Asker: 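Starting off with a structure, shown below.
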Amino acid sequence: MHPQLVLLMELQDLRAQKRALHQDSGETVGLEEEHFNLDRSRAVELLEEKIESLKDTLTPQLRTRYERIAPQRDRVVVPVIQGTCYGCFVSIPTATAGDQIGNTLVETCENCGSFLYIVE
Amino acid sequence: MKLRDLFRPETVKLELESEDKDDILKELVELLELDEKSEAILFKTLKRRENLGSTGIGKGIAIPHCRSLVVNELRLAYGRKSDGVAFDAIDEKEVRHFFLIVAPPLEVSNQYLPVLGKVAQFAKDPEVPGKLTELEDPAAFLDLLEAHGG
């Protein structure tokens, strides 16, 4: 797997954690506070710090693309399952899907711009 | 949806070998049989969740959990470490029972949170830690879940 794609996936996981905790009143927040005694505001702060430090490790080109996509959509990195981008549910060109086998490149969806990784 | 149906015998390990928190997380992740890179990403995500606050809920139980891109369906595993391991649990006691829960960022069935809640409720049943300690094989673990309505 491409090392920058690994970073993007880690970033996406952190964003998912932050999004779950950022909701003012959600089931996630309730569970985390009830069962795990999580300090939500501190947790969100820590996640934001980690997200920023991880972004610094992206190449300038990828960081620019990331920053362009991230404010617009919750999921910046999406799986491709059976040839379909799970960001926009549009089929990925066969050539792109073929190039991305093994996730050795950092590819984006031509339709929605999300970074892609192939689930084999 | 029953907890019993979400665990498989091969994702239940009654003799974890690791001796510290990080290695326990890695050993639990290995039970899911992902590729090497995915295992590494998932470990980091779980570790980052632990850094926000331990998932050790006390009475010898921990429920490491997260959403991660590396799985495309809800995955669960159970591991037991009879000697116990320091896990920064709420009650500062060693943890012997580990329930791993990993969900994709988006699920059609939206089971992650209900399952997390169910596992927490199951684990908090005062009788459960003792019964988990007595388990002799993975099938008995599944039977225990069934017996508790999960």
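Quantities reported herein were computed from a predicted structural model and do not represent experimental measurements. Per chain, numbering begins at 1; letters A, B, ... match sequence-line order. When reading the values below, keep in mind they use all heavy atoms of this one structure, side chains included, and skip hydrogens, waters and symmetry mates.
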Asker: Can you give me the closest heavy-atom contact between A:V6 and B:K37, atom names plus distance?
Answerer: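 In terms of heavy atoms, the two residues are closest at CG2-CD, 4.2 Å.
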Asker: Within a 6.0 Å radius of atom CD on B:E36, are there more than 12 heavy atoms belonging to other residues, nucleotides or ligands?
Answerer: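 Atom CD in B:E36 is not crowded, with 12 or fewer foreign heavy atoms closer than 6.0 Å.
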Asker: If you group Ile, Leu, Val, Met, Phe, Trp and Tyr by side-chain heavy-atom gaps below 4.5 Å, do A:L116 and A:L7 land in one group?
Answerer: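 No, A:L116 and A:L7 fall in different hydrophobic clusters.
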Asker: Are there residues of residues 43-60 of chain B whose heavy atoms fall under 4.5 Å of chain A's heavy atoms? If so, which?
Answerer: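 Interface residues of residues 43-60 of chain B: B:K44, B:T45, B:R48, B:R49, B:N51, B:L52, B:G53, B:S54, B:T55, B:I57.
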Asker: Under 4.5 Å from any heavy atom of chain A, what part of B:L69 do you find: side chain, backbone, both or neither?
Answerer: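 Both backbone and side chain.
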Asker: Go through the atoms of B:L42 and report whether side chain, backbone, both or neither lie under 4.5 Å from a heavy atom of chain A.
Answerer: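 Neither part.
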Asker: With chain B, which of A:E10, A:M9, A:R15, A:Q12 has the greatest number of heavy-atom pairs at distances under 4.5 Å?
Answerer: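 Heavy-atom pairs under 4.5 Å are most numerous for A:E10.
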Asker: Which atoms form the tightest heavy-atom contact between A:M1 and B:I41, and what is the distance?
Answerer: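 So the two residues come closest at SD-CD1, 4.1 Å.
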Asker: Are there over 12 heavy-atom neighbours, none belonging to B:K93, within less than 6.0 Å of that residue's NZ?
Answerer: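 Incorrect, the count does not exceed 12.
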Asker: With a 4.5 Å cut-off on side-chain heavy-atom distances among I, L, V, M, F, W and Y, is there a chain of contacts connecting A:L5 to B:L34?
Answerer: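 Hydrophobic grouping puts A:L5 with B:L34.
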Asker: Can you confirm whether more than 12 heavy atoms, excluding those of B:E92, are under 6.0 Å from its CD atom?
Answerer: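 No, the 6.0 Å shell around CD holds no more than 12 heavy atoms from other groups.
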Asker: Side-chain heavy atoms under 4.5 angstrom apart, residues restricted to Ile, Leu, Val, Met, Phe, Trp, Tyr: same cluster for A:V78 and A:F89?
Answerer: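 Hydrophobic grouping puts A:V78 apart from A:F89.
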Asker: Are B:N72 and A:Y86 packed together at the side-chain level, in the sense that at least one heavy-atom pair is separated by less than 4.5 angstrom?
Answerer: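 In short, these two side chains do not touch, never coming nearer than 4.5 Å.
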Asker: Do you reckon B:I61 sits in the same ILVMFWY cluster as B:L116, going by side-chain contacts under 4.5 Å, direct or chained?
Answerer: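 Shared cluster, yes.
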Asker: Can you tell which of A:K50, A:E45, A:Q17, A:R42 has the highest number of heavy-atom pairs within less than 4.5 Å of chain B?
Answerer: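 Winner by heavy-atom pair count: A:Q17.
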Asker: More than 12 heavy atoms of other residues, nucleotides or ligands under 6.0 Å from CD of A:E67: is that the case?
Answerer: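 Atom CD in A:E67 is packed in, count exceeds 12.
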Asker: Against chain B, work out which of A:V44, A:D39, A:N103, A:V77 has the most heavy-atom pairs shorter than 4.5 Å and name it.
Answerer: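 Looking at each of A:V44, A:D39, A:N103, A:V77 in turn, A:V77 comes out on top.
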Asker: Step by step, would you call B:I90 with A:F36 a side-chain contact (heavy atoms from CB on, under 4.5 Å)?
Answerer: CA-CA 8 Å; B:I90 289 169; A:F36 302 101; 5.5 Å; no
Asker: Among B:S38, B:A120, B:S68, B:A123, which residue forms the greatest number of heavy-atom pairs with chain A at distances under 4.5 Å?
Answerer: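 Of the options given, most contacts go to B:S68.
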Asker: Do B:L25 and B:L32 sit in one hydrophobic cluster, given that two such residues count as connected whenever their side-chain heavy atoms are within less than 4.5 Å of each other, even indirectly?
Answerer: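 Yes, B:L25 and B:L32 fall within the same hydrophobic cluster.
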Asker: Answer yes or no: is there a side-chain heavy-atom contact under 4.5 Å between B:V70 and A:Y117?
Answerer: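 When only atoms from C-beta onward are counted, A:Y117 and B:V70 do not touch, as no gap falls below 4.5 Å.
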